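I have placed the structure first, in the form of structure tokens, so that the comments after it can refer back to it.
These numbers come from a predicted model, not from an experiment. Below, all heavy atoms of this structure are taken into account, side chains as well, without hydrogens, waters or symmetry copies.
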Number of protein chains: 2
Amino acid sequence: MGKNYAYVPGAEFPFQYKYEHMGVTTDCVIFTYEDRKLKVLLVRRGAEPYKGEWAFPGGFLRMDETAEQGALRELREETALWPSSIGQLGVFSDIDRDPRERVITIAWYALVKPSEVVGGDDADEAAWFPVDDIPPLAFDHGQILKAALEKLRRDIHFQPVGFDLLDDEFTIPDLQRLYEAILGVEFDRRNFQRKILASGILEEAEPVIENDFLSQIHFSKSRPTTSAFFAMEEPVPEGMPRKGRQGRPGNLFRLNRKRYEEMKEDGGKLEF
Amino acid sequence: MGKNYAYVPGAEFPFQYKYEHMGVTTDCVIFTYEDRKLKVLLVRRGAEPYKGEWAFPGGFLRMDETAEQGALRELREETALWPSSIGQLGVFSDIDRDPRERVITIAWYALVKPSEVVGGDDADEAAWFPVDDIPPLAFDHGQILKAALEKLRRDIHFQPVGFDLLDDEFTIPDLQRLYEAILGVEFDRRNFQRKILASGILEEAEPVIENDFLSQIHFSKSRPTTSAFFAMEEPVPEGMPRKGRQGRPGNLFRLNRKRYEEMKEDGGKLEF
DNA sequence: GCAAAAGTGTTTCGTTTACACCCATGC
DNA sequence: GCATGGGTGTAAACGAAACACTTTTGC
């Protein structure tokens with residue numbers, strides 16, 4: 001019994017098999033959190049089928065790459081994104097999900113920070129949509145989005161994935177709004193703060209300074225007024241409107257990388 | 001631009017494609033709980049590659065079935081099992097995981113009750129192995145088993161999957177031992193009982209009878225001695241040794257189907 | 001000065017944990 | 001009778017939920 005396939009260079013259909021084969025694609029649902037909204041990236045299809053409709057970035061898996069590598073490659077090619085986190089969603093294998101031929105897709109979901117979002121990548125070829133305002137999608141991508149949202153909501157309960165959606169420095173109320181946007185619930189401001197601080201996953205972005213005269217000076221030098229401070233940092237701080245808003249500005253925190261890795265490992269103890 | 005493939009009946013390799021295609025298989029990790037141990041079903045491979053070695057039941061996915069249908073079909077063909085529960089584990093797509101050609105596999109995991117386990121299915125072609133005593137496995141099935149165990153442990157924390165591994169009627173200590181075997185921890189007997197009863201997911205297998213004289217007679221009639229009772233029920237009750245063991249026999253419970261379905265839906269509130 | 005946003009502390013309540021005692025069975 | 005396994009109750013401890021007050025900022 002010989003091989004089950006043959007390669008015939010130059011033939012119209014050079015890849016020939018004893019048994020029928022199906023196509024394998026990857027699709028990637030990319031989330032970000034911007035403007036106080038959870039958003040997904042969609043690309044407009046430039047070719048049939050579903051030409052002109054919105055879909056997730058993806059494409060056929062090559063022979064020399066794993067599914068994860070394929071998903072990341074397509075992502076780079078179509079959106080220039082390099083996500084900080086990527087997870088497998090599952091396989092979607094409905095028989096007629098692609099009109100061309102039998103195709104199954106391996107779906108992934110990825111989280112990116114607003115600062116990673118490159119401004120004008122192919123202009124109107126790719127765009128972010130709030131998850132509660134999604135246009136009709138090609139293929140079975142509506143079903144895939146639904147699964148991605150469910151998985152994100154499941155994951156964020158017990159894994160510190162929220163931080164992958166925020167910039168490196170953020171306030172606790174920012175983080176809380178992210179959780180509330182994803183889970184669709186409301187938390188008590190004070191309980192949320194205490195819980196997240198007790199978990200040890202955060203560290204203060206500005207080191208704590210003893211309340212003496214010298215530090216007062218140092219403080220007022222490095223942070224003249226909060227609005228001016230932010231104006232220096234980022235012209236228009238993506239994601240959360242820091243200008244033109246009332247109220248006391250929140251203290252900045254960043255991830256405690258060590259605790260973060262620990263909690264990614266053993267499920268940690270950060271339940272919301 | 002025409003089609004991307006052609007069918008040439010009678011040719012040695014009748015399925016011909018413009019682009020290279022990979023094989024797609026399904027594999028199924030089947031768990032049961034028997035003899036106070038968590039076990040998986042393995043089949044001995046009858047053909048190359050890895051002929052004679054142990055592997056999970058599975059095979060190539062057909063064009064006219066979804067991945068789930070394919071996994072269930074292979075299961076029926078190779079093990080005559082019809083699991084009460086099946087869930088997707090994920091895709092394994094290492095490039096060299098199959099020596100024949102590029103093959104990705106869609107892995108599933110399924111739970112069966114000991115009573116569903118047919119005794120001599122193909123004798124030494126299929127066998128149950130305790131998860132802590134597994135022979136070397138074909139392909140990357142060791143990796144798949146690892147993922148399956150992790151998923152089972154994750155799932156059982158928040159989903160009532162444990163009951164799919166037990167027979168219809170069981171005692172609470174039985175259930176506790178199952179949880180302990182899967183999670184590798186120990187629970188306080190009394191707290192476990194209270195928690196599981198408070199969840200409402202169990203109902204008593206024998207209806208509660210008011211403590212009056214009549215019921216005393218009825219009780220002693222329907223349940224002469226506990227060991228005799230079990231002897232009538234099942235000649236050799238699979239899984240848990242009910243004969244030749246000391247101690248008071250536990251009360252029998254069964255699933256409250258309604259609560260069970262509810263908890264499968266919205267995650268419920270059964271955390272261990 | 002006022003409204004809005006954010007930081008901090010306290011009291012209350014329910015759940016979980018730890019532990020003690022009693023009953024039923026096999027040997 | 002004793003060891004083993006199983007059923008039931010209770011007090012202590014911990015964490016979650018509810019709630020009040022103060023500070024900082026924009027207008």
> Who are the side-chain hydrogen bond (donor to acceptor under 3.5 Å, both in side chains) partners of R189(A), not counting sequence neighbours?
Replying inline: none
>> I'd like to know if R190(A) reaches the base of dA20(D) with its side chain such that a donor and an acceptor end up less than 3.5 angstrom apart.
In response: yes
> When the distance from CD1 of I172(B) to P of dG5(D) is rounded to whole Å, what number comes out?
Replying inline: 17 Å
> Between dG7(D), dT24(D), dA20(D), which nucleotide gets closest to the side-chain atoms of R248(B)?
Replying inline: dG7(D)
Kindly give the atom pairs (protein nitrogen or oxygen, nucleotide nitrogen or oxygen) under 3.5 Å for nucleotides 14-17 of chain D.
unit_1, atom_1, unit_2, atom_2, d
dA17(D), N7, N191(A), OD1, 3.4

>> Ring-plane angle category for F187(A) and F192(A), please: parallel below 30°, perpendicular beyond 60°, tilted otherwise.
In response: tilted
>> Distance check needed: dG6(D) P versus F253(B) CZ, whole Å only.
In response: 13 Å
> Which sits closer to the 5' end of DNA chain C, L197(A) or G247(A), going by the nucleotide each is nearest to?
Replying inline: G247(A)
> Between dA5(C) atom C1' and R36(A) atom CZ, what is the distance in whole Å?
Replying inline: 9 Å
> Whole Å only: how far is the CD atom of E186(A) from the P atom of dA5(C)?
Replying inline: 13 Å
> Under 3.5 Å, is there an N or O donor on one side and an acceptor on the other linking the side chain of R189(B) and the base of dG5(D)?
Replying inline: no
> Which residues pass the side chain to side chain contact (heavy atoms under 4.5 Å, CB included) test with R248(B), sequence neighbours left out?
Replying inline: none
> So, R254(A) and E169(A), do they make that salt bridge, N to O below 4.0 Å?
Replying inline: yes
> To the nearest Å, how far apart are L202(A) CG and dG7(C) C1'?
Replying inline: 15 Å
>> Is there a side-chain contact between Q193(A) and the phosphate of dT8(C), meaning an N or O under 4.0 Å from OP1 or OP2?
In response: yes
> Can you name the residues that form a ring-ring contact (aromatic ring centres under 6.0 Å, His included) with F31(A), not counting sequence neighbours?
Replying inline: none
>> Nearest to the side chain of Q246(A), heavy atoms from C-beta on, is which of dA4(C), dA20(C), dA6(C)?
In response: dA4(C)
>> Restricting to side chain to side chain contact (heavy atoms under 4.5 Å, CB included), what partner residues turn up for P136(B), sequence neighbours left out?
In response: none
> Please give, in whole Å, the distance from dT15(C) C1' to F187(B) CZ?
Replying inline: 16 Å
> With K113(B), which residues qualify under side-chain hydrogen bond (donor to acceptor under 3.5 Å, both in side chains), at least two apart?
Replying inline: none
>> Looking at dA6(C), I'd like to know if its phosphate oxygens (OP1 or OP2) sit under 4.0 Å from a side-chain N or O belonging to R177(A).
In response: yes
> Atom CG of D188(B) to atom C1' of dC19(C): distance rounded to whole Å?
Replying inline: 8 Å
>> Without decimals, in angstroms, what is the distance between I196(B) CD1 and dT16(C) C1'?
In response: 15 Å
